[in-house]
> 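Pasting a structure below so you can have a look.
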Amino acid sequence: MNAPILNRDFYAAPTLQVARALLGQRLVRLWQGQRLSGRIVEVEAYIGREDQASHARRGRTPRNAAMFGPPGHAYVYLIYGMYHCLNLVTETAGFPAAILIRALEPLEGVALMQAQRGQAAWRDLLRGPGRLCQALHIDLSLNGADVCSPTHGLWAEADAAVPEDRVLTTPRIHVRGDAESLARPWRFVICDHPCVSGPASLNHHQSLSLSP
DNA sequence: GGATCGATCGGCT
DNA sequence: GCCGATCGATCCG
């Protein structure tokens, strides 16, 4: 009696809405018959060709083709020659949009994931887009995989809802682009969650020091 | 064909 | 905070 797998309609919606709705849901990887999973605590949206921080800014290429495909599929790419990043494709075929999964709170298969990640501490196990792909055995073989069915061993399940006052939006981190793209608050995190990979709360000291 | 670069991470100063 | 690892995709000529 597992929770239902999030379906195509869930992903075939405005990307910012999907990004917000993914917080709190459970990302599941079936690996050699074992469930590895974590709660989604940090995501980033990449929307359209006008988004200068998106891989789709220069149009469709072999690497980013999945972003232009139908919703509810994975877009996985290799970065810095050593890590992978997982995105979930949104909206409609032909329009490039996806959500980068940046961090998870470990739930199931913790010992197996730790074995895969050099016995990383619980808090660091899935904290970061490269780390979570390593722990969940996600690589280029999953690029384009349908995540609306259990077929490829990767999907998201309905789980705990996150109340509005627990959600923080910030600009995306570690990205390049024009000032407009960099300013967009398209990063969504669960406020103050220990497994978030970047700023997880508004910094009161900074706010105070910036005030006259 | 060759040069450059990156939605990262871990180790070190 | 800074630096190097490491390699496929992309861009330039």
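Chain letters run A, B, ... following the sequence lines, proteins first and then strands; every chain starts at 1. Everything quoted here is computed from the prediction, not taken from an experiment.
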> Between atom CZ of A:F68 and atom CD of A:E91, what is the distance when rounded to the nearest 0.5 Å?
12.5 Å
> What is the distance, rounded to the nearest whole Å, between atom CG of A:L125 and atom P of B:dC9?
13 Å
> Taking the side chain as everything from C-beta on, heavy atoms only, tell me whether A:E108 gets closer than 4.5 Å to A:R26.
yes
> Using only side-chain N and O atoms of A:H174, determine if any of them is under 4.0 Å from OP1 or OP2 of B:dT8.
yes
> With the 4.5 Å side-chain cut-off for hydrophobic clustering, are A:I190 and A:L100 part of the same group?
no
> Within a strict 4.5 Å, meaning less than it, do heavy atoms of the A:D192 and A:R166 side chains meet?
yes
> Return the value, rounded to whole Å, for the distance between atom CD of A:Q52 and atom P of B:dA7.
13 Å
> Suppose you measure atom P in C:dA5 against the same atom in B:dT13; what distance do you get, rounded to whole Å?
15 Å
> Using whole Å, what does the distance between atom P of nucleotide B:dT4 and atom CZ of A:R176 come to?
16 Å
> Do A:R184 and A:E44 pass the salt bridge (Lys or Arg N to Asp or Glu O under 4.0 Å) test, and can you show the C-alpha distance, the side-chain angles, and the key distance before you say yes or no?
CA-CA 11 Å; A:R184 292 178 174 132; A:E44 283 177 355; over 6 Å; no
> Once you round it to whole Å, what is the distance between P of B:dG10 and CG of A:L132?
12 Å
> Just wondering, do A:H137 and A:L36 contact through their side chains at under 4.5 Å, heavy atoms?
yes
> Below 4.5 Å, heavy atoms only, C-beta onward: do A:P106 and A:C195 meet side chain to side chain?
yes
> Starting at atom CD of A:E44, determine the distance to atom P of B:dT8, rounded to an integer number of angstrom.
8 Å
> What's the NE2-C1' distance between A:H55 and B:dT8, to the nearest Å?
12 Å
> Let's test your reading of the pairing rules: Watson-Crick or G-U wobble, both distances under 3.5 Å, then write DNA chain C as a dot-bracket string with ( ), [ ], | and dots.
|||||.||||||.
> Please work out if A:R58 contacts a base, only the sugar-phosphate, or nothing of the nucleic acid, heavy-atom cut-off 4.0 Å.
sugar-phosphate
> Extract from the structure each pairing of a protein N or O with an N or O of nucleotides 1-8 of chain C at less than 3.5 Å, listing the distance.
residue, atom, partner, partner atom, Å
C:dT6, O2, A:Y80, O, 2.3

> For A:R131 and B:dG11, what is the distance between atoms CZ and P respectively, to the nearest whole Å?
10 Å
> In whole angstrom, give the distance that lies between atom CZ of A:R57 and atom C1' of C:dC11.
12 Å
> What I'd like to find out is whether the side chain of A:L6 reaches to under 4.5 Å of the side chain of A:L88, using heavy atoms alone.
no
> Remember a base hit wins even if backbone is also touched, and classify A:R187 as base, sugar-phosphate or nothing at under 4.0 Å, heavy atoms.
nothing
> Taking the six-membered ring for Trp, does A:Y77 stack with B:dA7 (centroid gap under 5.5 Å, planes within less than 30°)?
no
> B:dG10 phosphate, OP1 or OP2: any side-chain N/O from A:R117 under 4.0 angstrom?
yes
> Does A:D51 come within less than 4.0 Å of A:R172, counting only side-chain N to carboxylate O?
yes
